[in-house]
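Position 1 is the first residue of the sequence, and the numbers go up from there. Whatever order the structure lists ligands and atoms in, that order sets their numbers, starting from 1. Atom set for the values below is all heavy atoms of this structure, side chains included, hydrogens, waters and symmetry mates excluded.
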Amino acid sequence: MELVLATDAQKAERDRVTHAAWGSPLTVEQFQQREARLRAHPWCREGMRTWLLMDGGRVLASCETLAMDSYLRGPDGAHVKGTSEGIASVFTEEALRGHGYATRLMDLVAARMEAESPAPHSLLLFSDVGAPLYRRSGYHEAPAWDWRLPAAGGLSTHAVDALLCDGDVPLMLEQMRRPDVPFFLWPSAAQVDWHLERERAYAQLLNRPRPEACGAVVGSSCVLWAMMARYDELVVLLMDAGSLEDAVALLEAARGVAHRAGLSKVVIWEEPGTLPWVARVSGAVRVARDGALPMLRPLRPGLPPATRVDFPRALWV
Ligand SMILES: CC(C)(COP(=O)(O)OP(=O)(O)OC[C@H]1O[C@@H](n2cnc3c(N)ncnc32)[C@H](O)[C@@H]1OP(=O)(O)O)[C@@H](O)C(=O)NCCC(=O)NCCS
């Protein structure tokens, strides 16, 4: 068995096969279009790789890696920028499951990453199949809770200073406060735009309008969000609220925008930075997350355990 990088033809063939897991409600052809479009996005062109576990000419399992920025505090107290690799789309065809191929793939990908120079700080993934499979390969999970707010008609966005459009993302991201912790992952503007590219792709393929905004700002507080058309929700990608009042104003704006886009709810991933505010917003309900369990495998000494790392939704791949 060997690990190889997929050719463009092999990627297209994998899209056809993985449609069974991730394609609905798109047709196979639409799913292939979605994948081709996302691969052409600047964030993917820069740091996305498709890996195949091969046995002779046969593909046994596949996955993707996406390079993202992470920051590790050095001995002088300053954060040093490095990368972490997000692992996505781990897939074994049904007839080949249960033979350890996905596990072997995860182990070979990790060994390959560890041998790269410079090696990434960490590997992360968002498991839809629970923790045990990936624990075998050295990943540890972090708790995963969501807060849900119903979309609401009739609410105005008057309490925020402005709604944001795609072009505002780089500046907003620059202004957001980053976590004051030894190690954190922080999305680039291109990584955030990749979520919006998904939104644009689904809006086009499913022939539905995009929400009128991708975030809101009030004072020095800000939120960025994206539509998940398949799940009928607006997801908060990243939020930096300086006060309860700001959090309420930003989330009310999200509820209004979700409603006007025909979505039923707003979903916020629980994080230490958002918890104190979101928990006090009236109507917010806390639920155990279904899927997307954050898991981390450190590749450097000195990295904190997964339970002490923040995983904002903007990092999801
Ligand atoms: C998950 C998946 C990649 C596993 O591939 P595989 O080659 O069979 O994996 P391995 O043989 O290395 O490991 C199999 C283990 O994964 C576990 N697993 C597989 N699917 C699972 C699921 N839906 N929920 C929980 N565990 C699951 C099996 O229980 C098995 O554990 P066991 O050996 O203790 O019985 C494969 O089932 C698949 O492609 N599923 C559809 C796509 C998907 O959900 N991918 C994961 C996204 S995070």
Side-chain angles (χ1 to χ4, degrees), residues 1-6 10-28 30-32 34-35 38-39 44 48-68 84-113 120 122-146 185 191 194-195 198 228 230-231 235 267 269 288-297 306 309 311-317:
M1 278 185 262
E2 58 167 346
L3 181 71
V4 300
L5 280 168
Q10 285 169 322
K11 288 176 198 170
E13 172 56 18
R14 273 331 258 175
D15 295 342
R16 199 184 55 74
V17 179
T18 59
H19 173 268
W22 297 294
S24 171
L26 306 179
T27 63
V28 173
Q30 284 176 324
F31 181 65
Q32 286 180 315
R34 185 200 88 163
E35 289 299 285
L38 289 174
R39 276 190 204 107
C44 294
M48 178 178 171
R49 290 175 279 181
T50 302
W51 301 93
L52 305 176
L53 179 69
M54 304 284 297
D55 184 18
R58 196 160 69 137
V59 180
L60 301 177
S62 58
C63 72
E64 290 156 357
T65 53
L66 293 114
M68 55 184 92
S84 285
E85 294 277 347
I87 316 270
S89 310
V90 181
F91 188 85
T92 304
E93 278 178 76
E94 214 163 320
L96 298 171
R97 289 179 191 166
H99 297 283
Y101 297 145
T103 303
R104 183 100 179 103
L105 172 71
M106 296 304 287
D107 293 344
L108 287 175
V109 166
R112 180 72 72 98
M113 297 290 163
S122 70
L123 307 179
L124 73 152
L125 57 84
F126 296 90
S127 176
D128 289 333
V129 293
L133 172 65
Y134 298 114
R135 274 200 209 121
R136 287 180 196 167
S137 298
Y139 290 82
H140 294 281
E141 69 272 26
W145 294 89
D146 289 348
L185 298 120
Q191 184 171 358
W194 174 81
H195 291 274
R198 296 176 72 90
M228 288 291 280
R230 273 198 299 167
Y231 301 107
V235 289
V267 175
W269 280 18
R289 188 176 309 150
D290 182 20
L293 178 68
M295 299 188 77
L296 188 81
R297 176 176 166 164
V309 175
F311 295 95
R313 180 64 170 67
L315 300 178
W316 175 87
V317 285

Looking at ligand 1, does any of its N/O atoms fall within less than 3.5 Å of an N/O of Thr92?
yes

Heavy atoms from other residues, nucleotides or ligands near CZ of Arg58 exceed 12 (cutoff 6.0 Å):
no

Given Tyr134, Phe91, Phe126, which has its nearest heavy atom closest to atom 47 (C) of ligand 1?
Tyr134

Check the orientation of Tyr134 and Tyr139. Use parallel for under 30°, tilted for 30 to 60°, and perpendicular for over 60°.
perpendicular

Atom 10 (P) of ligand 1 protein-contacted (non-hydrogen atom, under 4.0 angstrom)
yes

Is there a protein heavy atom less than 4.0 Å away from atom 28 (C) of ligand 1?
no

Is ligand 1 less than 4.0 angstrom away from at least one heavy atom of Glu94?
no

Steps toward salt bridge (Lys or Arg N to Asp or Glu O under 4.0 Å) verdict (Arg104, Asp55)
CA-CA 12 Å; Arg104 183 100 179 103; Asp55 184 18; over 6 Å; no

Any Gly100 heavy atom less than 4.0 Å from ligand 1:
yes

What residue and atom, counting heavy atoms only, is the protein's closest point to atom 25 (C) of ligand 1, and at what distance?
Val129 O, 3.1 Å

Only heavy atoms of His99, strictly under 4.0 Å: list the atoms of ligand 1 that pass.
11 (O)

Considering only heavy atoms of Asp128, which atoms of ligand 1 have at least one such atom less than 4.0 Å away?
48 (S)

Does the protein place a non-hydrogen atom closer than 4.0 angstrom to atom 19 (C) of ligand 1?
no

Check the surroundings of atom CZ in Arg289: do more than 12 heavy atoms from other residues, nucleotides or ligands lie under 6.0 Å from it?
yes

Atom pair CE (Met295) and NE2 (His140), whose distance is rounded to the nearest 0.5 Å
8.0 Å

Are the side chains of Glu13 and Gln32 in contact, using a 4.5 Å heavy-atom criterion?
no

Would you mind checking which non-hydrogen protein atom is closest to atom 31 (O) of ligand 1, with the distance to 0.1 Å?
Arg136 NH2, 3.2 Å

If you look at every heavy atom in Leu105 and Leu52, which pair is closest and at what distance?
CD1-C, 4.3 Å

Output the distance between atom CZ (Arg313) and atom NE2 (His195), rounded to the nearest 0.5 Å.
6.5 Å

Atom 36 (C) of ligand 1 has as its nearest protein heavy atom Arg97 NE, 3.5 Å

Determine, using heavy atoms of Ala61 and all atoms of ligand 1, whether some pair is separated by less than 4.0 Å.
no

Note: Arg97 and Thr92 closest approach over all heavy atoms is NE-O, 2.7 Å

Please say whether Ala102 places an N or O atom under 3.5 Å from an N or O atom belonging to ligand 1.
yes

Interfacing atoms of ligand 1 (cut-off 4.0 Å, heavy-atom, Gly98)
6 (P), 8 (O), 11 (O)

Could any protein non-hydrogen atom be found less than 4.0 Å from atom 23 (N) of ligand 1?
yes

Any donor-acceptor pair under 3.5 Å from Thr27 side chain to Gln30 backbone
yes

For the residue pair Phe311 and Phe126, categorise the inter-ring angle as parallel (less than 30°), tilted (30 to 60°) or perpendicular (more than 60°).
perpendicular

Leu96 N/O to ligand 1 N/O under 3.5 Å
no

What residue and heavy atom of the protein are closest to atom 45 (N) of ligand 1, and at what distance?
Val90 O, 2.8 Å

Aromatic plane relationship, Phe31 with His19 - under 30° parallel, 30 to 60° tilted, over 60° perpendicular
perpendicular

Would you mind finding which of Thr103, Leu133, Leu105 brings a heavy atom closest to atom 12 (O) of ligand 1?
Thr103

